[in-house]
Amino acid sequence: LVAAIPADLVTSGGRVRTRPVSAYTAAFGSPAVRVRCGAPLPAFDPASDVETVDGVDWLVLPDVGSASQYAAWRSPTLLDVVIPHAYLPADVLPALSPLVAKDGTTAYP
């Protein structure tokens, strides 16, 4: 899934190196949008906000520093995305949703 993410995910640069290097992580632009595949299901309040983008449910997680954090939590592969406030989630999540949707959907408890 991470390899299929387009290099132009954000407009301020392409894919950048992650540390540690992993086939399950990717970063794009500067400041970097970070994507992690196969992350554990995050702890969340059942009343947490969920944004649905192109049929994919994105759990809205607490901000991490100066970035928003989302998790595609109803898919076989959990995808964790950290989006710096320099970008709009509406510019990033629609690019990722079709890739997540290709995996189908499985409801997590």
Side-chain angles (χ1 to χ4, degrees):
L1 180 68
V2 170
I5 299 171
D8 62 351
L9 180 65
V10 295
T11 58
S12 65
R15 193 178 290 248
V16 295
R17 183 173 282 239
T18 60
R19 289 194 183 140
V21 175
S22 170
Y24 303 106
T25 62
F28 303 86
S30 180
V33 171
R34 297 184 315 265
V35 179
R36 184 171 57 144
C37 189
L41 184 64
F44 65 95
D45 180 335
S48 295
D49 289 334
V50 174
E51 293 184 18
T52 302
V53 179
D54 296 329
V56 175
D57 290 334
W58 293 94
L59 181 65
V60 180
L61 300 171
D63 282 3
V64 177
S66 61
S68 301
Q69 184 175 7
Y70 296 84
W73 64 286
R74 290 186 182 262
S75 67
T77 303
L78 186 73
L79 194 68
D80 179 70
V81 182
V82 176
I83 305 170
H85 292 154
Y87 308 105
L88 296 175
D91 293 334
V92 176
L93 298 180
L96 297 173
S97 291
L99 301 173
V100 174
K102 278 178 113 174
D103 284 339
T105 57
T106 301
Y108 283 95

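Values in this document were obtained by computation on a predicted structure and should not be read as measured data.
Considering CG of L61 and OG of S48, their distance stands at 7.5 Å, rounded to 0.5 Å. Atom CG of L88 is separated from atom CD1 of I83 by 9.0 Å, given to the nearest 0.5 angstrom.
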Check the pair F28, I5 against side chain to side chain contact (heavy atoms under 4.5 Å, CB included), reporting the backbone distance first and the verdict last.
CA-CA 10 Å; F28 303 86; I5 299 171; 3.3 Å; yes
Take Q69 and D63, measure what side-chain hydrogen bond (donor to acceptor under 3.5 Å, both in side chains) needs, and give me the verdict at the end.
CA-CA 6 Å; Q69 184 175 7; D63 282 3; over 6 Å; no
If you apply the rule side chain to side chain contact (heavy atoms under 4.5 Å, CB included), what do you find for T18 with R34, and how did you get there?
CA-CA 9 Å; T18 60; R34 297 184 315 265; over 6 Å; no
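A 4.5 Å side-chain heavy-atom check between Y70 and V60 finds at least one atom pair inside the cut-off.
The backbone N or O of Y24 sits less than 3.5 Å from a side-chain atom of S22, completing a donor-acceptor pair.
Linking ILVMFWY residues whenever their side-chain heavy atoms come closer than 4.5 Å, directly or via other members, leaves V82 and W58 in distinct clusters. Using a 4.5 Å cut-off between side-chain heavy atoms of Ile, Leu, Val, Met, Phe, Trp and Tyr, with links allowed through other members, V64 and V92 fall into different hydrophobic clusters.
Shown here for A32 and A27, the closest heavy-atom pair between the two residues is CB-CB, 4.0 Å. Here the closest non-hydrogen pair linking V53 and S97 is O-OG, 3.1 Å. Closest heavy-atom contact between L79 and V35: CD1-CG1, 3.5 Å. In plain terms, the two heavy atoms of H85 and G65 that are nearest each other are CE1-O, 4.4 Å. Heavy-atom minimum distance, A95 versus P98: O-CD, 3.8 Å. What you find for P31 and A86 is that their closest heavy atoms are CG-CB, 4.0 Å.
Of the options D80, V81, V2, a side-chain contact (heavy atoms from CB on, under 4.5 Å) to R36 is made by D80 and by none of the others. Partner V33 forms a side-chain contact (heavy atoms from CB on, under 4.5 Å) with one of D91, L96, L9 and no other, that one being L9.
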